[in-house]
Amino acid sequence: MQGPVEQETTNGTIVVVEDDRNIAELVDLYLRNAGFRVLQASDARRGLELVAQERPCLVMFDIGLPGPLDGLQACRELRKTSDVPVVMVTARDDELDRVLGLELGADDYITKPFSPRELVARVRAILRRSENGRRPADEPMTVGSVVVDTLRREVAASGAIVQLTAREFDLLAHFAENPGIVFSRQQLLDAVWGSGWYGDERTVDVHVRQLRRKLGDALPLATVWGVGYRCD
Ligand code: CA
């Protein structure tokens, strides 16, 4: 359990640009509990100032913001000077369509209402991806007590090397790169098997079963009923 009061900030600073105070407070709480320092702005201008001053590790923009710039314009503005990871927060599906239609350079999108778990998982996954972009490629990833070495294509569970097929390895690596995110079977097919692959979603279940059989309790791979799979 996280302590209820001030704790050491170890995970970096996040700027949250959100005009809805209730949502801003919730996001603030979730992210602080996850160990981040959170700075709030309720309009885009102030948000961009904060980003320039504080050099955060991540920025969240609500789309509907008061003032001359909305979240989309603010993201575009930010991209002229910074490649800090950006999460766009959308209130409705049609807003999401607009975001996806524009090439803003945002790193991820989250739709209200979102759960604390989803928010924190997305933020961690983005930071991990951006760190992975900078870290030397030979540094392995860890999920549960499984170590995934993408350079050597080697997997170790509790210290012992485990033999996986190429596809099992790719599926495991995808989970390791995106901890805490729930994927549908179709999303996993698209990401791991590729969009040119025509097959049954049960293929995913078969591979998940193999990963569980080979890695056992070392791998925290959960079935999310009615949705798909999540690895923490
Ligand atoms: Ca808003």
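Indexing begins at 1, ligand by ligand and atom by atom, following the structure's order. Quick caveat, the model's predicted, so the values are computed rather than measured.
Sorting the N, O or S atoms of Asp19 by how far they are from the Ca ion (ligand 1) puts OD1 first. Asp62 contributes OD2 as its N, O or S atom closest to the Ca ion (ligand 1).
The distance from the Ca ion (ligand 1) to the nearest N/O/S atom of Gly64 is under 3.0 Å. Among the backbone and side-chain atoms of Asp20, none of the N, O or S atoms lies under 3.0 Å from the Ca ion (ligand 1). At a cut-off of 3.0 Å, Glu18 is not counted among the residues with an N, O or S atom near the Ca ion (ligand 1).
A salt bridge between Arg45 and Asp43 is absent, with no side-chain N of the basic residue lying under 4.0 Å from a carboxylate O of the acidic one. A salt bridge links Asp232 with Arg117: at least one charged nitrogen is closer than 4.0 Å to a carboxylate oxygen.
Taking CG of Leu221 as the reference point, atom SG of Cys231 lies at 5.0 Å (rounded to 0.5 Å).
Looking at Asp70, its side chain does come within 3.5 Å of a backbone N or O of Gln73 through a donor-acceptor pair.
Using cut-offs of 30° and 60° on the angle between ring planes, the pair His174 and Phe183 is tilted.
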